[in-house]
Structure formats: C-alpha cells, structure tokens
Amino acid sequence: MDEFQSGEEIVFVVDDINTIVKDAVETTIGNNNYQQSRIHQWTSSVVETSLNQLSKLGKPFKYIVTCIILQKNGAGLHTASSCFWDSTMDGSCIVRWENKTTLCVVNVFGLAV
Amino acid sequence: MEEYSGDEVSFNSDEASVSVKECIENIIGGVDYNQNKVNQWTASIVEHSLTQLVKQGRPFKFIVNCAIMQKSGAGLHTANSCYWDTATDGSCTVRWENRTMYCVVSVFAVAVTL
C-alpha cells in the first residue's frame with residue numbers, strides 16, 4: 001500500500017554533487033604538480049570516479065560529467081554551456097578546483113529520465 | 001527486441017559536427033584571441049550551435065559546452081564520461097584552432113522518452 005510520490009526524488013541536488021566531485025578531484029590530483037605524463041590518467045580517473053559515485057545515488061537521472069585540467073601558465077581559458085532540457089527537473093553543477101600548478105574544472109549535467 | 005523505426009531515434013553525430021564547425025567558423029573564423037571578447041564568443045558559439053541542433057526537430061535534450069583557450073604553451077586536457085542509454089544517446093566533440101587559440105565544443109544529446 002505504498003504510494004510513491006515521484007515528485008520527491010526527481011530533483012537535481014547540487015550540494016551532493018558538489019561534494020562527490022570535490023572528493024573525486026582531491027583524491028585524484030591532491031597536491032601533485034601538473035605532470036604531462038599523468039594528465040590522461042587524472043582526467044579519466046576524475047570523470048570515472050565521479051560518475052560511479054553519482055550512479056550510486058540511485059536517482060532516475062542520466063549523467064554527463066566533463067573535466068578540464070589546465071596547467072597554470074598565464075593562458076586564458078573561457079568555457080560556456082548552453083542546455084536545451086526540462087528546467088523543472090534537470091540541472092547542472094560546476095566545480096572549480098585548483099592547486100599551485102593545476103586548474104581543474106568539472107561540469108556535471110543531470111537529466112531526468 | 002529492437003524495432004527499427006529508422007529516422008529520428010538515434011543521435012547523428014556527423015551532422016552535429018558539421019553544424020558546430022560552421023558556427024565556430026562564423027564566430028571566431030579569422031580573429032585573434034581577445035580577452036575582452038572571449039566572453040561573447042563562447043556565449044555565441046553555444047547559443048548558435050544549440051539553435052541549429054534544436055531546429056532539426058528531433059526528440060532530444062541537448063547540452064553544448066564550449067571551451068576557448070589562448071595558445072601560450074600551457075597543457076590542456078579534457079575528458080567526458082556519460083551515464084545514459086547508449087542505444088539512443090550520443091555525443092560529439094569538435095576541436096578547432098587558429099594561430100592564437102584553441103576551441104573545443106562538445107555536444108551531448110539525450111533522447112527524450114515520450
């Protein structure tokens with residue numbers, strides 16, 4: 001006799017996502033300096049770890065995680081996103097993280113199924 | 001149990017690629033990196049690309065992401081990971097450059113179940 005209020009679970013919760021992603025980045029890069037030989041591993045690891053944790057949340061969402069890692073060299077970087085979706089249920093969250101030599105920007109998009 | 005409904009069900013990444021390349025060319029075609037304008041450029045590129053994609057009239061939700069970086073010797077690495085229905089959803093990434101900057105545009109298309 002349980003009635004599921006489907007309104008409750010289908011909301012993109014930014015705070016949870018924020019924490020998940022920050023942890024993924026900290027664990028992967030942490031205090032390491034930018035290293036060209038490891039960068040490939042790092043980007044893969046950040047997106048995979050984040051995605052694994054997100055799917056564990058068990059919400060009815062499809063997820064897209066993108067990660068940009070940039071060496072701090074004085075270069076300018078500018079990013080923008082535009083989304084065509086259902087604004088009542090879908091959402092996104094951006095996490096910027098940096099250390100002395102590396103800048104990391106992770107974007108998570110969640111689309112309700 | 002696959003029904004071949006042919007036309008509009010899966011994401012055509014080649015078409016999207018062509019569409020996006022044109023948008024980029026039109027907006028930053030022959031210009032040099034300019035810190036004052038880069039804001040406008042990224043916004044224009046994502047808006048125009050999105051408009052073109054939506055015009056195709058397919059049952060998809062879209063996400064368009066654009067990154068513009070000045071060429072100054074710095075290393076840049078990007079990665080994407082997606083948790084979706086691989087039969088109907090798809091993505092495409094377009095990399096473009098000129099003498100002074102790199103532009104990377106990613107398009108993600110997620111099918112809408114009606």
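The structure displayed is predicted, hence computed values, not measured ones. Below, read A as the first sequence line, B as the second, and so on, with proteins coming before strands; counting in each chain starts at 1.
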With the 4.5 Å side-chain cut-off for hydrophobic clustering, are A:Tyr34 and A:Ile68 part of the same group? no
Out of curiosity, A:Asp90 CG to A:Cys83 SG, how far, rounded to the nearest 0.5 Å? 9.0 Å
Answer key: most heavy-atom pairs under 4.5 Å with chain A among B:Gln35, B:Lys61, B:His77 is B:His77
Sort A:Ile64 into side chain, backbone, both or neither according to what part of it lies under 4.5 angstrom from a heavy atom of chain B. both
Chain A interface, residue from B:Asp85, B:Thr78, B:Leu53 that has the most non-hydrogen pairs under 4.5 Å: B:Thr78
Mind listing the closest non-hydrogen atom pair of A:Val95 and A:Lys22 along with its distance? CG1-CG, 3.9 Å
Any chance the side chains of A:Glu26 and A:Trp97 put a donor and an acceptor closer than 3.5 Å? yes
Walk me through whether A:Phe61 and B:Tyr83 qualify under side-chain contact (heavy atoms from CB on, under 4.5 Å). CA-CA 9 Å; A:Phe61 278 100; B:Tyr83 180 72; over 6 Å; no
B:Tyr102 versus chain A, the contacting section by heavy-atom distance below 4.5 Å: neither
Check each atom of B:Leu76 against the heavy atoms of chain A and say whether the ones under 4.5 Å are side chain, backbone, both or neither. both
Approximate separation, where rounding is to 0.5 Å, of B:Phe62 CZ and A:Trp85 CH2: 14.0 Å
Need one label for A:Asn107: side chain, backbone, both or neither, based on atoms under 4.5 Å from any heavy atom in chain B. side chain
Report the option among B:Gly75, B:Ser91, B:Cys103, B:Cys82 that has the most heavy-atom pairs separated by less than 4.5 Å from atoms of chain A. B:Gly75
Quick check on the interface: out of B:Ser49, B:Ser106, B:Ala74, B:Ser81, who has the most heavy-atom pairs with chain A under 4.5 Å? B:Ser81
For residues B:Asn39 and A:His78, is any side-chain donor paired with an opposing acceptor at under 3.5 Å? yes
Please flag which part of B:Val54 lies under 4.5 Å from any non-hydrogen atom of chain A: side chain, backbone, both or neither. side chain
